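Read through the structure below, which is laid out as structure tokens, and then see the notes.
Keep in mind that this is a model prediction, so the values were computed, not measured.
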Amino acid sequence: MLGYILRRLLQVIPVFFGATLLIYFMVFALPGDPILALFGDKTPNPAVVEALRAQYHLDEPFLVQYFYYITGIFQGNLGVTFSGQSVNDVLARTLPVTGRLAIMAIAIEFTLAIIIGTVSALRKGKFFDNTMLVIALLFVALPIFVFSFLAQYFLAIQWGWFKPTVGAQNDWGDLWLPAIVLGFSLYATSMRLMRSSVIDTLNQDWVRTAYSKGMSRSRVIPTHVLRNSLIPVITNSATNFGVLLVGATVTEGIFNVPGVGNTLFQAIQKHEGPTVVSFVTVFVIIYVIVNLLVDLLYGLLDPRIRYVK
């Protein structure tokens, strides 16, 4: 087990350098001058422009810029935005907001997927199962921005159940509406995975053996069926969690959530290389760690899984 964990952690090193180098190159190759963009329609003093370029090493070749960035990373400094803010401070301000939103959305998705997916599998081919499959198909087909506007109009504006937008001052309660939108958008795929997994597990020999030994359904379903059916749903939810941490840009924009999605989108527009690469670097590390934890959880859910070379 320890060797497996160490090997997975060592995989972070090439992923880290590969992701940062690729993203930094893509930002470097974007057309336009980020320094001139800071002044908008105004014509800046050429000496000021050159001084700013030298300050941010924009007058250096690409590999030299990347070296300065990597050196700062290893010193715990993610860089400075072109507006003068520390990227560390920007990330510390926006990541908790998106983190709360992602946790709430995944909790909604996971809970609905397990409950509805299991009940649909146990009632395969009946009215409830067919209805849930149709609803899931609608959620898959409905674009996220359409769903967001519908939820905002009816649940917030018409019925007043939630705040229509989030804003700078936010807590867990203010994020319920965008979390519901994201949770329901993601739930459809997880529900169908759970349904298929439960149906497959119900046909396994150990389930039939448990019934033949006289075990009740209320004991067989949670003990033998659910535990062995959760792996594909957990994998899908972990992937969704990583995606949400990168930032649900459209949803955050519609609900004015001050998270990493909005910040990252603005940084791309302004060609702020340090901000974009730093955010992506942190997300890569988080994503790898989340997947490592999910892999370790497999062994707890299914004892047949062993971490061998």
To the nearest 0.5 Å, tell me how far [X] [atom1] sits from [Y] [atom2].
X: W176; Y: I180; atom1: CH2; atom2: CD1; answer: 6.5 Å
X: R192; Y: Y187; atom1: CZ; atom2: OH; answer: 10.5 Å
X: F154; Y: F149; atom1: CZ; atom2: CZ; answer: 14.0 Å
X: L101; Y: L244; atom1: CG; atom2: CG; answer: 7.0 Å
X: L122; Y: R195; atom1: CG; atom2: CZ; answer: 11.0 Å
X: I114; Y: S197; atom1: CD1; atom2: OG; answer: 11.0 Å

What pairs with [X] under ring pair (Phe, Tyr, Trp, His ring centres under 6.0 Å), at least two apart in sequence or on another chain?
X: Y153; value: none
X: Y69; value: Y24
X: W161; value: W159

Please find the pair of heavy atoms, one from [X] and one from [Y], that lie closest to each other, and give the distance.
X: I106; Y: S237; answer: CD1-O, 3.6 Å
X: D129; Y: K124; answer: OD2-CA, 3.5 Å
X: L177; Y: A156; answer: CD2-CB, 3.8 Å
X: V198; Y: A121; answer: CG1-CB, 3.4 Å
X: T98; Y: G261; answer: OG1-N, 4.4 Å
X: L91; Y: P96; answer: O-CD, 3.8 Å

Are any side-chain N or O atoms of [X] and backbone N or O atoms of [Y], one a donor and one an acceptor, separated by less than 3.5 Å?
X: S229; Y: V225; result: yes
X: Q65; Y: E60; result: yes
X: N240; Y: N236; result: yes

Linking I/L/V/M/F/W/Y whenever any side-chain heavy atoms sit under 4.5 Å apart, do [X] and [Y] land together?
X: L182; Y: V250; result: yes
X: I221; Y: I199; result: no
X: V166; Y: W172; result: yes
X: L112; Y: I115; result: no
X: L22; Y: V64; result: no

T263: what forms a side chain to side chain contact (heavy atoms under 4.5 Å, CB included) with it, not counting sequence neighbours?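 Partners of T263 under the side chain to side chain contact (heavy atoms under 4.5 Å, CB included) test: V90, T94, F279.
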
Does T71 have any side chain to side chain contact (heavy atoms under 4.5 Å, CB included) partners at least two apart in sequence or in another chain, and if so, which?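 By the side chain to side chain contact (heavy atoms under 4.5 Å, CB included) rule, T71 matches F67, Q75.
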
How about CZ on F184, more than 12 heavy atoms from neighbouring residues, nucleotides or ligands closer than 6.0 Å, or not?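 Atom CZ in F184 is not crowded, with 12 or fewer foreign heavy atoms closer than 6.0 Å.
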
Does the side chain of M194 reach to within under 4.5 Å of the side chain of V119, using non-hydrogen atoms?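 They are not in side-chain contact.
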
Could you tabulate the donor-acceptor pairs under 3.5 Å formed by side-chain atoms of residues 131-146, not counting sequence neighbours?
unit_1, atom_1, unit_2, atom_2, d
T131, OG1, F127, O, 2.8

Audit row: T251, V257, side chain to side chain contact (heavy atoms under 4.5 Å, CB included) steps and yes/no: CA-CA 8 Å; T251 306; V257 179; 6.0 Å; no

